[in-house]
Protein chains: 2
Amino acid sequence: MSSETGRKAIDLSNHLSELSKRRKVSPLKGLAKYMNNPNVIPLAGGMPHPDYFPFADVSANALASDSFTLEPKRESSSLSWVWKLFGAGKEKTSPINVPKYASDPVNEVNLAVALQYGTAQGIVPLQKFIKEFVTRVYQPAYSDFATLVHTGNTDGWARAVLTLCNPGEMYITEEWSYPSAMFASQPYNVRPTPIAMDAEGMRADDLYKTLDEWNEEERGAKRPHVMYTVPVGQNPSGATMGEKRKKEIYAICVKFDIIIVEDDPYYFLQEGPYKPKSERSTVSVKHDQSEFLSSLAPSYLKFDYQGRVIRMDTFSKYIAPGSRLGYFTCSPQMAERLERQGETSTQAPCGFGQSLITQLLTTWKYDGYVRWLHGLAVEYKARRDYFIDTLFEEFHVRQSYSTESIWAGCEVYDCYAKPTDTVEKTSYRKLFTFIPPTSGMFVWLSMDFESHPSFKEGEEETLEMQLFINLAEAGVLVAPGWYFAADEDMNDRGRGHFRISFSNAEFPTMKNAIKILGEVVKDFFKEH
Amino acid sequence: MSSETGRKAIDLSNHLSELSKRRKVSPLKGLAKYMNNPNVIPLAGGMPHPDYFPFADVSANALASDSFTLEPKRESSSLSWVWKLFGAGKEKTSPINVPKYASDPVNEVNLAVALQYGTAQGIVPLQKFIKEFVTRVYQPAYSDFATLVHTGNTDGWARAVLTLCNPGEMYITEEWSYPSAMFASQPYNVRPTPIAMDAEGMRADDLYKTLDEWNEEERGAKRPHVMYTVPVGQNPSGATMGEKRKKEIYAICVKFDIIIVEDDPYYFLQEGPYKPKSERSTVSVKHDQSEFLSSLAPSYLKFDYQGRVIRMDTFSKYIAPGSRLGYFTCSPQMAERLERQGETSTQAPCGFGQSLITQLLTTWKYDGYVRWLHGLAVEYKARRDYFIDTLFEEFHVRQSYSTESIWAGCEVYDCYAKPTDTVEKTSYRKLFTFIPPTSGMFVWLSMDFESHPSFKEGEEETLEMQLFINLAEAGVLVAPGWYFAADEDMNDRGRGHFRISFSNAEFPTMKNAIKILGEVVKDFFKEH
């Protein structure tokens, strides 16, 4: 099933939307042999002379790829990390420079090309880096896969919707899903069909059942042929899907002829299982590239022997969200349609971003970039651990086996107000439940509103918003669960949800926020 | 009619497409008071800590705003300009720097904000610069106009189409129009209705007639309520529309309730009328800001007392195409819908580009940027003059009054093969006609195919493509006219067209290209 077998992507043209089919092939395609031909003087395009670009060069001080150590972090080292931010430590940087002109303008990064009109494929050195990276890291199961830049996964999904879906169609997604993805498709009247989740994300059994029993009349739409999924550090639940489940889901998608749009922004933020502080290893970790990469849950690409996966990667989480740069990996057929769509909207991603990021990556090289990603994963692990540790400090936490909701059958943590609290009445009330995420940026709290004094069935969302407002008024902004519901009428069965991010706050701020969370939640569950 | 009257934009919600009406208002709108509130700890979003952005700072050597002199250019000075490119001259530059952190992170440009997730409105210092620039330069006729960044005018128009047009609708445009604009709307089955042009661009009389006599059944679409127009240095014809015509067209748009999407990428490349070399002034020009600005044809915004114009500006031609940065100026109602659309596609424009361009503009300041634009206009004037001068050298040119096609009633230049040519037979044959453009980057050649030996009515496009291929094979790539036709079945009445750009080539290359053009065209019109 590896690309060495020479397996090619299958024909998926039956999946193209009417809109996408109407989109013309590049009208200049026949003229390709005259374009970028050094023997032909180009007077066709409205390209300014690069001398009119008011930048003689662009440069940056780039962080070293090993800026973040792989040592197991203790709270103290986390604090020293905070101090570094305020100037106590000095970052290791090296200068990178993008000159205006290069002797090999196609293969060397330069402003004359990067800031000029270019194809929607982006600059050549970036294309090459991405292709090598995808080949080595994700190991697609067919040989003629294509990669194509976009301006971030939100743009990527918006393009995929228009390429694949006709108005009125539905697509498959997790029962809790990424709001911007749903907002992007909703104006076209392309709606999500939620699939039940468990601790690994989308459930294969519910996916099969949903597709197998699809009733077009009842649903008001034909059976979906597109899936939108965030398989690693799922947004909002934090769930991560392993190899076995991915293979099961892929097989179902083959059976029901579904295109999988794999939105995977948190792929390299795989933090691994949470261990309580006392059980954590303090043994130094050495960077071993293949060990690091093979520790990661594989991408759907690895099992995609047919070419039915459109994978979306982004530099948002590994370089910066403002990069507005990411890329598709998919069959050449899909890449061609997605590229045509880019030509009449964003065109190429910003040349400043493309050139600076490419210069960074080609300076670091493949090995350096993987080292950077490993360092980031360890940083996020420290953040995840610190956040969970602090929850353990703030609440009375008991481990149990859940029998309901998305964590049924799993070991979960139930959080109670600490018995030391003054109001003993509430102190044995279960407040919320969570599972420490193994990837990504988010902890998903499942609130036990059934134990709230004024709980009434069907009013979970009211309590959720009341508590959300209380938290915000007390100084902590979290994301309310209703915002992520793929089905607006989702029955929360006595529960409410909050997504809390541990990606950004300074450690003392995070501690302070959890303290406030503790106070507000405990107070909320009191009878007044 | 100035904004001082306090006139406000009218309600245009009847123009919103079904799709745009379905697009939700920002779901977090009600939570605005908690966001970016220094007293509230933000744990809602998935924002990486800026310490994880691998850039300590970004900097550039920026050209001085007066890098280009305002002196009338002679050929010799043009050549010295070419030499400068190859290192003989030294550019005046000054360093600009974007630090990672700023003491006032909202109002000072910094990477921690520019590279973070941000709103689709872009960074605040850029918003401020744009608002001031629009207010002072375009002087909109109502007070509550809004500006909003986008990722270039192609993205801008693509967003406008989805905001304003339902599938099956038509929009008004020039009979020759910008291909990417037409390709952007075509998959949605939103088609152009061509309006006849003259030397000023869209004709008011034909616009009135088209709308007044609109027959829904015959046209297969209801009367258009949207206009797409490039009023300055029109693409491809090079035509520029003055104040009087714009007022006439605006009045017609009020009568027929039409939204004007003013795509104006060449606005500051207004080169003024062409004068033959011998008649050109050699008097030095001093930069007078208000004189320069008032010499420019006004924007539709200046007469837009109702707020029915969506103006699109871009930095593509004044800074660099790879900026992928531009902005709308329009009513707050339209801006809100266009912003929502940006949120679920491109989000904010690239932060590297935003911050470097903003730092450049705020370093130059308003006055410096206007000086830069003036310098560019003079450069393009020199390019336009050089191109036309060279046509005069290569062909035998006679002035005449045209009686047909888009230049009817205008003084035009007819180009003949020079009588010195060896093949006398072709030497008195008219080959093509043109008008020197007063703005923009393009010369539009109207070929006299009627005088071609093998001309047959209805086969103009065949001849056009034959000549296009001959040119490309001989080493000059131009843009064939059919590519710009708003109506595919346009009757060219014995003519073919080529758009030739003078924006990019070095002067000796341009001369060489025109020499090849001369040879190929003359040969093409021979009887073989």
Below 4.5 Å, heavy-atom pairs only: which of B:T151, B:T346, B:N39 has the largest tally toward chain A? B:T346

Rounded to the nearest 0.5 Å, what separates atom CD in A:E343 from atom OG1 in B:T154? 10.5 Å

Taking every non-hydrogen pair under 4.5 Å, which of B:Q354, B:M510, B:M441, B:Q347 racks up the most with chain A? B:Q347

Measuring only between side-chain heavy atoms, which start at C-beta, is A:D51 closer than 4.5 Å to B:E379? no

Is it the backbone or the side chain of A:L356 that comes under 4.5 Å from a heavy atom of chain B, or both, or neither? both

Set of side-chain hydrogen bond (donor to acceptor under 3.5 Å, both in side chains) partners for A:K21, sequence neighbours left out: A:E18

Less than 4.5 Å to any heavy atom of chain A: does that hold for the side chain of B:F468, its backbone, both, or neither? side chain

Under 4.5 Å heavy-atom distance to chain A, tell me which part of B:L162 shows up: side chain, backbone, both or neither. side chain

When heavy-atom pairs shorter than 4.5 Å are enumerated against chain B, which of A:A479, A:S20, A:P187 gives the highest number? A:P187

Distance, nearest 0.5 Å, that separates CD1 of B:I500 from CD1 of A:I41: 11.5 Å

If we define contacts as heavy-atom pairs under 4.5 Å, which of A:A513, A:P167, A:G351, A:S59 has the most with chain B? A:S59

For residues B:I357 and A:F352, determine if any side-chain heavy atom of one lies less than 4.5 Å from a side-chain heavy atom of the other. yes

Okay, side chain of B:S503, backbone of A:M47: is any donor-acceptor separation there less than 3.5 Å? yes

Give, for atom CZ of B:F183 and atom CZ of A:R23, the distance between the pair rounded to the nearest 0.5 Å. 11.0 Å

Write down the atom of A:N504, the atom of B:P50, and the distance for their closest heavy-atom approach. ND2-CD, 4.1 Å

So for B:N97, is it side chain, backbone, both, or neither that comes closer than 4.5 Å to the heavy atoms of chain A? neither

Whether A:N61 side chain and B:D57 backbone form a donor-acceptor pair below 3.5 Å: no

Interatomic spacing from OG in B:S345 to CZ in A:R159 - rounded to 0.5 Å: 10.0 Å

When only pairs under 4.5 Å are counted, which of B:G46, B:S180, B:S17 shares the most heavy-atom pairs with chain A? B:G46

Top contributor to chain B interface from A:A60, A:P54, A:A44 [non-hydrogen pairs under 4.5 Å]: A:P54

Relative to chain A, which segment of B:S316 carries a heavy atom at a distance below 4.5 Å: side chain, backbone, both, or neither? both

Between A:P236 and chain B, which part of the residue has a heavy atom less than 4.5 Å away: side chain, backbone, both or neither? neither

Between A:E506 and B:H49, do the side chains contain an N or O donor and an N or O acceptor separated by less than 3.5 Å? yes

Which region of A:L111, side chain (C-beta onward) or backbone (N, CA, C, O), has a non-hydrogen atom less than 4.5 Å from a non-hydrogen atom of chain B, or is it both or neither? neither

Ranked by heavy-atom pairs below 4.5 Å to chain B, first place among A:W364, A:F442, A:W372 goes to A:W372

Can you tell which part of B:P349 gets under 4.5 Å to a heavy atom of chain A, answering side chain, backbone, both or neither? backbone

Between B:A472 and chain A, with a heavy-atom cut-off of 4.5 Å, which part of the residue counts as in contact: side chain, backbone, both or neither? both

Would you mind telling me which of B:R22, B:K100, B:Q341, B:H150 has the largest number of heavy-atom pairs within less than 4.5 Å of chain A? B:R22

Greatest number of heavy atom pairs closer than 4.5 Å to chain B - which of A:N153, A:T93, A:I319: A:I319

Proximity breakdown for B:F315 and chain A, heavy-atom pairs closer than 4.5 Å: neither

State the CZ-CG distance between A:F55 and B:L360, to the nearest 0.5 angstrom. 4.5 Å

Heavy-atom closest pair (B:Q116 atom, A:P321 atom, distance to 0.1 Å) is OE1-CG, 3.3 Å

Identify which part of B:I96 has an atom lying under 4.5 Å from any heavy atom of chain A, answering side chain, backbone, both or neither. side chain

Chain B contact via A:L471 - which portion, at a heavy-atom distance below 4.5 Å: neither

Taking atom CG of B:L477 and atom CE of A:M35, what is their separation to the nearest 0.5 Å? 6.5 Å

Quick one: salt bridge (Lys or Arg N to Asp or Glu O under 4.0 Å) partners of B:R499, sequence neighbours excluded? none

A:F53 side chain reached by B:L63 side chain, heavy atoms, under 4.5 Å: no

Where the side chain of B:S501 meets the backbone of A:L43, is there a donor-acceptor pair that is under 3.5 Å apart? no

Parallel under 30°, tilted from 30 to 60°, perpendicular over 60°: which one fits the rings of A:F68 and B:Y52? perpendicular

Could you look at A:A114 and say if it's the side chain, the backbone, both or neither that has a heavy atom under 4.5 Å from chain B? backbone

For chain B, the option from A:G118, A:A184, A:A158, A:P95 that forms the most heavy-atom pairs under 4.5 Å: A:A184

Main-chain N/O of B:C350 paired to A:R324 side chain as donor or acceptor, under 3.5 Å: no

